[in-house]
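Note that the coordinates shown come from a computational prediction; the quantities given were computed from them, not determined experimentally. Order of the sequence lines sets the chain letters (A, B, ...), proteins ahead of strands, with each chain counted from 1. The figures that follow rest on heavy atoms only: side chains count, while hydrogens, waters and symmetry mates do not.
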Amino acid sequence: MTFLSVYRALSKQYGPQHWWPGDTPFEVMVGAVLTQNTAWSNVEKAITSLKQAKSLTAKKIAAMPAPTLAELIRSAGYFNVKAKRLQNFCNWFLQQGGESALRQWDDASLRHGLLSVNGVGHETADDMMLYAFERPVFVIDAYTRRLFSRLELVTGEEGYEVLRHSFETELSKKIIPGDEQVTLYNEYHALIVIHAKDVCRKKPRCSECCLRRQCPAAE
DNA sequence: GTCCAGGGTTCGT
DNA sequence: ACGAACCATGGA
């Protein structure tokens with residue numbers, strides 16, 4: 001079994017996901033911060049509320065008082081922390097000249113810049129890299145770790161960067177053009193999340209999640 | 001009432 | 001580099 005065969009099995013079972021749901025790249029970035037440890041349905045409410053307040057722009061978010069922003073994103077949980085994180089991010093974003101300026105940056109610089117923002121860690125930065133800036137970065141999250149350690153393709157003890165690197169080197173062997181690479185990473189991460197959700201829906205609150213047995217790639 | 005979510009990020013050691 | 005502490009809503 002390989003990373004690629006797991007992808008093919010998931011893809012066959014669930015079909016294309018075309019993530020990330022969001023009208024604009026900026027909305028995707030906001031969603032990446034808001035979804036930290038939070039059910040996506042709660043994030044959607046917060047984004048709707050920002051839109052309703054006509055405040056889903058970097059300038060508006062950066063300019064409003066933190067408590068006001070916190071109230072708007074209340075449904076996403078951790079609202080005080082996330083309000084501050086969102087403002088940190090928007091300030092940085094504006095300081096760099098906004099999206100069009102950031103698009104000119106090379107992958108490494110952009111990733112580094114995102115990580116320099118207080119409140120943006122590995123996964124949030126990589127969500128933004130992949131789903132807002134369409135850079136070839138494989139997102140590692142808790143599901144990814146759990147799934148692949150159950151499949152015994154990784155131990156689960158690896159650090160974030162190590163894991164990301166093994167996925168990227170393994171998957172880049174087979175796929176050639178850069179554009180395809182981004183599409184593959186995009187779909188793969190989405191499929192992992194969908195699969196985890198699917199399994200957990202069948203057997204709610206199963207701490208083991210039965211991923212190994214139910215994963216179509218495990219057979 | 002309890003568990004968990006597209007749990008991660010920060011900060012101390 | 002690793003572990004603890006922190007944050008807080010809403011659906012199942």
Side-chain angles (χ1 to χ4, degrees), chain A residues 7 10 14 16-23 25 27-50 52 66-92 111-132 137-149 154-165 167 185-211 215:
Chain A
Y7 172 74
L10 289 173
Y14 298 105
Q17 302 299 315
H18 42 78
W19 262 21
W20 175 306
D23 295 343
E27 183 178 325
V28 171
M29 297 184 232
V30 169
V33 172
L34 292 179
T35 199
Q36 292 169 3
N37 188 29
T38 300
W40 183 250
S41 57
N42 288 347
V43 175
E44 283 183 318
K45 287 175 183 142
I47 288 177
T48 300
S49 141
L50 282 169
Q52 212 148 31
T68 306
L69 178 57
E71 201 48 46
L72 287 172
I73 62 171
R74 178 180 240 290
S75 67
Y78 309 105
F79 46 82
N80 287 316
V81 166
K82 285 175 180 175
K84 192 76 197 101
R85 289 181 179 175
L86 230 34
Q87 292 191 311
N88 290 341
F89 172 71
C90 288
N91 283 325
W92 174 85
R111 189 163 191 275
H112 210 93
L114 291 168
L115 284 171
S116 76
V117 178
N118 192 293
V120 176
H122 292 123
E123 194 190 332
T124 305
D126 288 343
D127 279 339
M128 293 181 181
M129 286 289 284
L130 180 58
Y131 292 106
V137 169
F138 195 94
V139 179
I140 305 294
D141 67 353
Y143 287 150
T144 309
R145 256 208 175 71
R146 194 158 67 207
L147 174 59
F148 290 95
S149 65
V154 304
T155 67
E157 303 297 301
E158 298 90 342
Y160 186 97
E161 293 300 332
V162 173
L163 215 45
R164 184 168 73 88
H165 192 255
F167 271 92
Y185 292 163
N186 179 318
E187 283 298 314
Y188 208 154
H189 178 65
L191 285 166
I192 289 167
V193 174
I194 293 299
H195 178 59
K197 225 181 244 185
D198 187 40
V199 169
C200 290
R201 186 179 53 72
K202 286 172 183 160
K203 193 167 184 184
R205 289 179 210 142
C206 167
S207 63
E208 293 304 305
C209 232
C210 311
L211 277 177
C215 177

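- For the pair A/Leu86 CG and C/dC7 P, the interatomic distance rounds to 19 Å; values are reported in whole Å.
- Within the 4.5 Å cutoff, the side chain of A/Leu86 has heavy atoms near those of the A/Leu34 side chain.
- Spacing between C/dA8 and B/dC3 at atom C1', rounded to whole Å, works out to 14 Å.
- The side-chain ring of A/Trp19 is stacked on the base of B/dG6, judged by centre separation under 5.5 angstrom and plane angle under 30 degrees.
- Panel note: side chain A/Thr38, backbone A/Gln36; a donor-acceptor pair is recorded below 3.5 Å.
- For the pair A/Lys45 NZ and C/dT9 P, the computed distance is 13 Å after rounding to whole Å.
- Nucleotides B/dG6 and C/dA5 have their C1' atoms positioned 23 Å apart, rounded to a whole Å.
- Regarding A/Asn42, its CG atom lies at a distance of 19 Å from the P atom of C/dC7, rounded to whole Å.
- Contacts between residues 66-80 of chain A and DNA chain C, counted as heavy-atom distances below 4.0 Å, involve A/Arg74, A/Ser75, A/Gly77, A/Tyr78, A/Phe79, A/Asn80.
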A correct 5'-to-3' footprint of nucleotides 8-13 of chain B, with B, S and - meaning base, sugar-phosphate only and no protein heavy atom under 4.0 Å, is SSS---
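- Rounded to whole angstrom, the span from the CH2 atom of A/Trp40 across to the P atom of B/dG7 amounts to 11 Å.
- Separating the C1' atom of C/dC7 from that of B/dC4 is a span of 15 Å, rounded to the nearest Å.
- In this structure, A/Arg145 atom CZ and B/dG6 atom P are separated by 18 Å, rounded to whole Å.
- A/Asn186 is linked by a side chain to side chain donor-acceptor pair (under 3.5 Å) to nothing, counting only residues two or more places apart in sequence or in another chain.
- In this pair, A/Phe138 and A/Phe167 present their aromatic rings parallel. The plane angle is below 30°, not in the 30 to 60° band.
- Per the geometry, CG belonging to A/Leu147 stands 17 Å off C1' belonging to B/dG7, to the nearest Å.
- Looking at residues two or more places apart in sequence or on another chain, you find a side-chain contact (heavy atoms from CB on, under 4.5 Å) between A/Glu71 and A/Arg74.
- Between the CE atom of A/Met29 and the C1' atom of B/dG6 there is a distance of 18 Å, rounded to whole Å.
- The residue A/Lys82 sits apart from the nucleic acid: no heavy atom pair falls under 4.0 Å.
- For A/Arg164, the side chain to side chain donor-acceptor pair (under 3.5 Å) criterion is met by A/Glu161, A/Glu168, not counting sequence neighbours.
- With A/Lys82 contributing its side chain and A/Ile73 its backbone, the two residues share no donor-acceptor pair below 3.5 Å.
- The salt bridge (Lys or Arg N to Asp or Glu O under 4.0 Å) check on A/Glu187 picks up nothing, with sequence neighbours excluded.
- The aromatic rings of A/Tyr160 and A/His122 lie parallel to each other, their planes meeting at an angle below 30°, with 60° marking the opposite boundary.
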